[in-house]
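What follows is a short report on a single structure.
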Amino acid sequence: MNTIDENKIKQYQQLHQEDPSYGSTSLKFIDEISVMIDALKPKSILDYGCGKGSLIEEIERRYPEIICYRYDPSIPEYSTLNVQTADLVINTDVLEHIPVADIDAVLREIASISNNAYFNLHHGKAATMLPSGENAHCTVRSPSWYRKKISNYFDYIELLPGRRYITR
């Protein structure tokens, strides 16, 4: 499913190519995600919007019995969504990069893959600018806005505090 216009994808591809650290910060959520893994005991996990894949690599290292999948349209080797179902979908610092018009399509797709999802959202502008000059966070919305959107696709939602006031 193509959920972001090709120009946006090219902007993010360029960021990934020019900055080796861009798209590798999700590893900082390993402790929170490990709690979910230990509770849910998934046999398969999809990192939807995996960036460079550092988080899912660590999950594979810690949980070698879990089948792990990667998807990120701006990373050529991960740009094909090659899984239809997974026990858990991880989505860290992704939705704010998706144009508002495409949020529902992305959430629908994630929900079609799994009933269990972990979302980490940033509710402010990014420090990073796209090559076009736009802010890398194109959909900056409140926690309640995202909660309402997500509740259209998932029956149970637990809103957890983030590490900073601007994340949930």
Side-chain angles (χ1 to χ4, degrees), residues 1-16 19 21-37 39-40 42 45-56 59 70-75 81 86-168:
M1 172 181 212
N2 188 7
T3 56
I4 305 173
D5 67 66
E6 290 300 317
N7 183 45
K8 274 277 195 248
I9 291 172
K10 288 178 183 171
Q11 296 284 309
Y12 289 112
Q13 284 173 339
Q14 188 174 340
L15 275 179
H16 280 285
D19 183 354
S21 68
Y22 186 77
S24 60
T25 59
S26 62
L27 184 56
K28 65 186 170 191
F29 301 108
I30 189 65
D31 291 337
E32 292 93 330
I33 292 168
S34 291
V35 170
M36 285 192 69
I37 292 170
L40 295 172
I45 295 176
L46 167 64
D47 189 347
Y48 189 105
C50 66
K52 301 242 178 7
S54 57
L55 174 61
I56 203 75
I59 291 170
R70 295 158 175 78
Y71 173 67
D72 195 308
S74 62
I75 306 289
L81 184 59
D87 296 320
L88 175 62
V89 175
I90 298 166
N91 188 268
T92 59
D93 194 22
V94 175
L95 292 182
E96 56 272 27
H97 295 271
I98 307 296
V100 70
D102 296 325
I103 293 285
D104 283 307
V106 169
L107 289 170
R108 187 178 310 109
E109 185 166 64
I110 290 170
S112 76
I113 295 167
S114 183
N115 293 326
N116 298 306
Y118 171 90
F119 295 95
N120 185 81
L121 301 163
H122 189 278
H123 302 287
K125 292 290 184 183
T128 304
M129 302 301 280
L130 295 173
S132 66
E134 298 171 81
N135 193 277
H137 288 176
C138 61
T139 302
V140 176
R141 298 292 191 271
S142 69
S144 61
W145 186 90
Y146 275 108
R147 182 184 180 115
K148 184 176 180 194
K149 280 286 184 191
I150 292 168
S151 71
N152 290 325
Y153 303 96
F154 293 90
D155 293 332
Y156 175 77
I157 297 171
E158 176 121 8
L159 187 63
L160 303 171
R163 294 170 183 220
R164 296 180 14 212
Y165 74 94
I166 204 156
T167 62
R168 291 279 184 268

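Values in this document were obtained by computation on a predicted structure and should not be read as measured data. If you read the sequence from its start, that first residue is 1, and numbering goes on from there.
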Exercise for the section: Go through the structure and list residues passing side-chain hydrogen bond (donor to acceptor under 3.5 Å, both in side chains) with Asp47, not counting sequence neighbours. Expected result: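 Partners of Asp47 by the side-chain hydrogen bond (donor to acceptor under 3.5 Å, both in side chains) criterion come out as none, since no residue qualifies.
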Problem - Results of side-chain hydrogen bond (donor to acceptor under 3.5 Å, both in side chains) for Asn115 - residues two or more places apart only - result: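 With sequence neighbours excluded, Asn115 shows a side-chain hydrogen bond (donor to acceptor under 3.5 Å, both in side chains) to no residue whatsoever.
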Report yes if some heavy atom in the side chain of [X] is under 4.5 Å from a heavy atom in the side chain of [Y]; otherwise report no.
| X | Y | answer |
| --- | --- | --- |
| Ile110 | Tyr153 | no |
| Ile103 | Arg141 | no |
| Asn152 | Leu107 | no |
| Glu96 | Val140 | no |

At what distance, to the nearest 0.5 angstrom, does [atom1] of [X] lie from [atom2] of [Y]?
| X | Y | atom1 | atom2 | result |
| --- | --- | --- | --- | --- |
| Glu109 | Asp102 | CD | CG | 11.0 Å |
| Phe29 | Thr92 | CZ | OG1 | 6.0 Å |
| Ile90 | Ile59 | CD1 | CD1 | 3.5 Å |

Practice task
Determine, step by step, whether Leu40 and Asp87 satisfy the side-chain contact (heavy atoms from CB on, under 4.5 Å) criterion, reporting the C-alpha distance in whole Å, the side-chain angles of both residues, the deciding distance to 0.1 Å, and the verdict.
Solution key: CA-CA 8 Å; Leu40 295 172; Asp87 296 320; over 6 Å; no
Side chain of [X], backbone of [Y]: donor and acceptor closer than 3.5 Å?
| X | Y | answer |
| --- | --- | --- |
| Asn91 | Phe119 | no |
| Asp72 | Gly51 | yes |
| Thr139 | Ile98 | yes |

Practice task
Please report the C-alpha distance between Leu46 and Leu81 in whole Å, then the side-chain angles of each, then the deciding distance to 0.1 Å, and finally whether the side-chain contact (heavy atoms from CB on, under 4.5 Å) criterion is met.
Solution key: CA-CA 9 Å; Leu46 167 64; Leu81 184 59; 3.9 Å; yes
Handout entry: Heavy-atom closest pair, residues Tyr118 and Leu88
Key =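 Between these two residues, the closest heavy atoms are N-CD1, 4.3 Å.
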Exercise for the section: Search all heavy atoms of Ala126 against all heavy atoms of Ala136 and return the closest pair with its distance. Expected result: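 That would be CB-CB, 4.1 Å.
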Handout entry: Residues which pass ring pair (Phe, Tyr, Trp, His ring centres under 6.0 Å) with Tyr146, listed by chain and number, not counting sequence neighbours
Key =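 Partners of Tyr146 under the ring pair (Phe, Tyr, Trp, His ring centres under 6.0 Å) test: His123.
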Problem - Step-by-step side-chain contact (heavy atoms from CB on, under 4.5 Å) determination, Val100 to Trp145 - result: CA-CA 11 Å; Val100 70; Trp145 186 90; 3.7 Å; yes
Problem - The single option from Ile75, Ile56, Leu55, Ile45 passing side-chain contact (heavy atoms from CB on, under 4.5 Å) against Arg70 - result: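 Of the listed residues Ile75, Ile56, Leu55, Ile45, the side-chain contact (heavy atoms from CB on, under 4.5 Å) partner of Arg70 is Ile56.
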Practice task
Show your working on side-chain contact (heavy atoms from CB on, under 4.5 Å) between Asp93 and His137 and close with a plain yes or no.
Solution key: CA-CA 9 Å; Asp93 194 22; His137 288 176; 3.5 Å; yes
